[in-house]
2 protein chains.
Amino acid sequence: MKRDHVLATAERLFYEEGFFGTGVDRVIAEAGVARMTLYKHFKSKDNLVLAVLDRRADAYWAQLEQAVSQARENGHSACRALVAAHGDWLLGEGRHGCLFLKALGEYAAQEPAVTQRVVAEKKRLCDRMEVLLTEEGHAHAPALAVQLMLLLEGATALVPVMEAKGVVTQLRAAASQLLEVRSG
Amino acid sequence: MKRDHVLATAERLFYEEGFFGTGVDRVIAEAGVARMTLYKHFKSKDNLVLAVLDRRADAYWAQLEQAVSQARENGHSACRALVAAHGDWLLGEGRHGCLFLKALGEYAAQEPAVTQRVVAEKKRLCDRMEVLLTEEGHAHAPALAVQLMLLLEGATALVPVMEAKGVVTQLRAAASQLLEVRSG
DNA sequence: GGTAAAGTAGATAGATCGTTCTATCCATGA
DNA sequence: TCATGGATAGAACGATCTATCTACTTTACC
């Protein structure tokens, strides 16, 4: 299907050059499809943007949940696995920061659907973290989940402007420290 | 001067609605000045963007350094004061995240001067933190500075999508924990 | 082999973008 | 009083934007 090819191309361009900075002409040129092909699958650019966010979230969560499953099979901490998987994601696909926050920054004042989608995405991650923390017997799981979110989002934000490997290293170190103190 | 009024208006609009999302027409309309007044003070929109970043940095650093000075006068930890001041900044002026990273997201692929400016800004904060940590006798100051940066940037990134007061509360709590462990 | 769907190229519309230009207004100080 | 210079409104430029339309070609399937 051309649909996913357009989607993949749009995701890459939006991520590298911004949403407003990437015109529809650019997307179809790089995807090598006709303009009407794009508008057949997505009724507007806003619609395409939302579809791109969904695609990105799917890939991210697939990587995260696989790491969590694997940790469970090996009897390792799922929380640590999640943090580590986020770090891996950043090194592999996160060079330009968080696509969701990027979308929020450009569309917040103009497209409520984007705001809603981004808020839901971050809540999902925070909730997931909280569940894992609770399962592993941490006290104050909600507060600790927010603290770990700070580290994850901080790393995502800094990867574009600092040395990526160093950022991820310190992400793991700091998360370890926050997890140590309160765990049994 | 009209210059600063244009600058203040542009800063607000760029921050709330994005750089590409805010046209020059919008800036001059909200500032209540003529088009040529803007172009007399700023030779292009890109130029205006860079000036807005400088203005924003000035306000941010004034607030931060004042807190550091005050902490020193009272014999308190300057590191903690810096973290706390960043939290205060977020609650007051940080509703929509980091203006610099927002600019990076929109202009990175297109205007190298913006990238350079943003990288320098983040480096400045990290270096400042490292100096304060060293002064207060923390071991591994460079690594710890990055870890605290993760928390600061994470809080900045999350304020737009989560409850702001909770985010800042956990920022302080997590920073306390990272600072406790290694301090004498 | 024929039919229906999917994709193609390209023109087009209408809006908005950043930027420049002109012509007019109004304040200040000599 | 008059000149100078900054600010004004608004027209205009070419470029670019999203979106639509038409007409033609390819693909896939019964």
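All values reported here derive from a predicted model rather than from experimental measurement. The sequence lines fix the lettering, A, B, ..., with proteins before strands; numbering per chain opens at 1.
In this entry the distance linking CZ of A/F19 with C1' of D/dC17 reads 17 Å, nearest Å. Distance B/R26 CZ to C/dT16 P: 13 Å, rounded to the nearest Å. D/dT27 atom P lies 15 Å from atom CE of A/M1, rounded to whole Å. Going from atom CZ of A/F20 over to atom C1' of D/dT18 covers 12 Å, rounded to whole Å. Spacing between atom CZ of B/R3 and atom P of D/dG6 amounts to 16 Å, rounded to whole angstrom units. Put simply, CG on B/D25 is 11 Å from P on C/dT19, counting in whole angstrom units. Rounded to an integer number of Å, the gap from CZ of A/R35 to C1' of D/dA23 is 16 Å.
The cationic atom of B/R124 (NZ for Lys, CZ for Arg) lies less than 6.0 Å from the six-membered ring centre of B/W61 and within 45° of the ring axis. Taking the centre and axis of the six-membered ring of B/Y15, the NZ or CZ atom of B/K102 falls inside the cone set by 45° and 6.0 Å.
Looking at heavy-atom distances under 4.0 Å, A/G21 makes no contact with the nucleic acid at all.
Shown for residues 36-52 of chain B: residues whose heavy atoms fall under 4.0 angstrom of DNA chain C, namely B/M36, B/Y39, B/S44, B/K45. Residues from residues 102-115 of chain A that place a heavy atom under 4.0 Å from any atom of DNA chain C: there are none.
Remark: A/E65 CD is packed, more than 12 non-hydrogen atoms of other residues, nucleotides or ligands lying under 6.0 Å away. No more than 12 heavy atoms of other residues, nucleotides or ligands sit less than 6.0 Å from atom CD of A/Q66.
Across every non-hydrogen atom of A/A145 and A/L133, the tightest pair is N-CD1, 3.5 Å.
In this structure, B/H5 contributes its side chain and B/A31 its backbone to a donor-acceptor pair below 3.5 Å.
The only option from A/Y107, A/F19, A/F100 that meets the ring-ring contact (aromatic ring centres under 6.0 Å, His included) definition with A/F14 turns out to be A/F19.
Looking at B/E135 and B/R72, a side-chain N of the basic residue comes within less than 4.0 Å of a carboxylate O on the acidic one, giving a salt bridge.
Between A/L7 and A/F42, the closest side-chain pair of non-hydrogen atoms falls below 4.5 Å.
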